[in-house]
J.: 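Pasting in a structure now, in structure tokens, and then I'll have a few things to ask.
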Amino acid sequence: MKLSVITICYNIKDEIERTCESIVSQTNQDFEWIVVDGGSTDGTVDILNKYKDKMTVYISEPDKGIYNAMNKGIKRAKGEYLNFMNGGDCFAASDIVEKFYHCPAYGADVVYGNCEIVSAKGEKKPADIPLFVNKLYFL
């Protein structure tokens, strides 16, 4: 597999289903899905269990925070590309993975696209992402 989708979450039962549906509804399913839950106690695990058969790796245990959880996902990823689709996030459309595999930049070290930030009230605004990124951008 070329793509690993990594979802990290903790106690977000009201948002995790949207993330799961966004991932399982992709028209191209040529990716592995790694879920790292920090040991949720609010019902998040019950929702994740509904999608367990679509997950390649599922971990639910306490961790030391967001970066520790991300690193757990990275260590288990087998894809050449990593996509962090964290709990509460979702793909903009059901054909994003398909577009990824056919984009002109496929094969680059980093591939990214437009992103929208959606507030709790549903207000949308584009994220401020530069046309080209370098090492300093990631720092």
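Since the structure is predicted, the reported quantities are computational estimates derived from the model, not experimental observations.
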J.: Got Val45 and Tyr58 here, is their nearest side-chain heavy-atom distance under 4.5 Å?
T.: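 Side chain of Val45 against side chain of Tyr58, heavy atoms only: contact under 4.5 Å found.
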
J.: Working to the nearest 0.5 Å, report the span between CD of Gln26 and CG of Leu3.
T.: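 Gln26 CD to Leu3 CG: 9.5 Å, rounded to 0.5 Å.
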
J.: Could you measure the distance from the CG atom of Asn28 to the CD1 atom of Ile96? Nearest 0.5 Å is fine.
T.: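 Result: 12.0 Å between the selected atoms.
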
J.: Can you measure from OH (Tyr101) to CG (Asp30) and round to the nearest 0.5 angstrom?
T.: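 Interatomic distance, Tyr101 OH to Asp30 CG, rounded to 0.5 Å: 4.0 Å.
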
J.: Checking the side chain of Tyr51 only, and the main-chain atoms of Ile23 only, is there a donor and an acceptor separated by less than 3.5 Å?
T.: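 Looks like no, no N/O pair under 3.5 Å.
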
J.: Between Met55 and Leu48, is any pair of side-chain heavy atoms under 4.5 Å apart?
T.: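 Yes, at least one pair of side-chain atoms sits under 4.5 Å.
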
J.: Starting at NZ of Lys78, measure out to NZ of Lys2 and round the result to the nearest 0.5 Å.
T.: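 Interatomic distance, Lys78 NZ to Lys2 NZ, rounded to 0.5 Å: 15.5 Å.
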
J.: Taking Thr7 for its side chain and Asn86 for its backbone only, find out whether a donor-acceptor pair lies under 3.5 Å.
T.: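 It does not hold such a pair.
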
J.: For residues Ser4 and Ala77, report the shortest heavy-atom separation together with the two atoms involved.
T.: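 That would be OG-CB, 3.6 Å.
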
J.: Search all heavy atoms of Ser40 against all heavy atoms of Asn11 and return the closest pair with its distance.
T.: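 That would be OG-N, 2.6 Å.
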
J.: Would you say Tyr10 ends up clustered with Val5 if hydrophobic residues are merged whenever their side chains have heavy atoms under 4.5 Å apart, either directly or through other cluster members?
T.: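 Per the 4.5 Å side-chain linkage, Val5 and Tyr10 are not co-clustered.
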
J.: When rounded to the nearest 0.5 angstrom, what distance separates CZ in Arg18 from CD1 in Ile47?
T.: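 Arg18 atom CZ to Ile47 atom CD1 measures 11.5 Å (nearest 0.5 Å).
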
J.: Test of understanding: with side-chain hydrogen bond (donor to acceptor under 3.5 Å, both in side chains), list the residues that count as partners of Lys50, not counting sequence neighbours.
T.: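 Expected list: Glu17.
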
J.: Taking all non-hydrogen atoms of both residues, which atom of Ser25 and which atom of Ser94 are closest, and how far apart?
T.: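 Scanning both residues completely, I find the closest heavy atoms to be O-CB, 3.4 Å.
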
J.: Can you name the closest pair of heavy atoms from Thr44 and Lys13 and give their distance?
T.: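 Reported closest heavy-atom pair: OG1-N, 3.0 Å.
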
J.: Check whether the ring centres of Phe100 and Phe31 lie less than 6.0 Å apart, and answer yes or no.
T.: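 No; Phe31 has its ring centre 6.0 Å or more from that of Phe100.
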
J.: Is Ile74 isolated, or which residues cluster with it under the ILVMFWY side-chain rule of less than 4.5 Å, directly or via members?
T.: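 Listed partners: Ile6, Ile8, Ile34, Val36, Val57, Ile59, Ile66, Tyr67, Met70, Leu82, Phe84.
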
J.: Tell me the closest heavy-atom pair linking Glu61 and Lys72, and the distance in Å.
T.: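 Closest approach of Glu61 to Lys72, heavy atoms only: OE2-NZ, 2.8 Å.
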
J.: Looking only at heavy atoms, which two atoms of Asp63 and Ala69 are closest? And how far apart?
T.: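 Nearest heavy atoms, Asp63 then Ala69: OD2-CB, 3.6 Å.
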
J.: Counting N and O atoms only, with roles assigned by atom type, does the side chain of Asp89 sit under 3.5 Å from a partner on the main chain of Thr19, one being a donor and the other an acceptor?
T.: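 No, the answer is negative, given that no donor and acceptor are paired below the 3.5 Å cut-off.
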
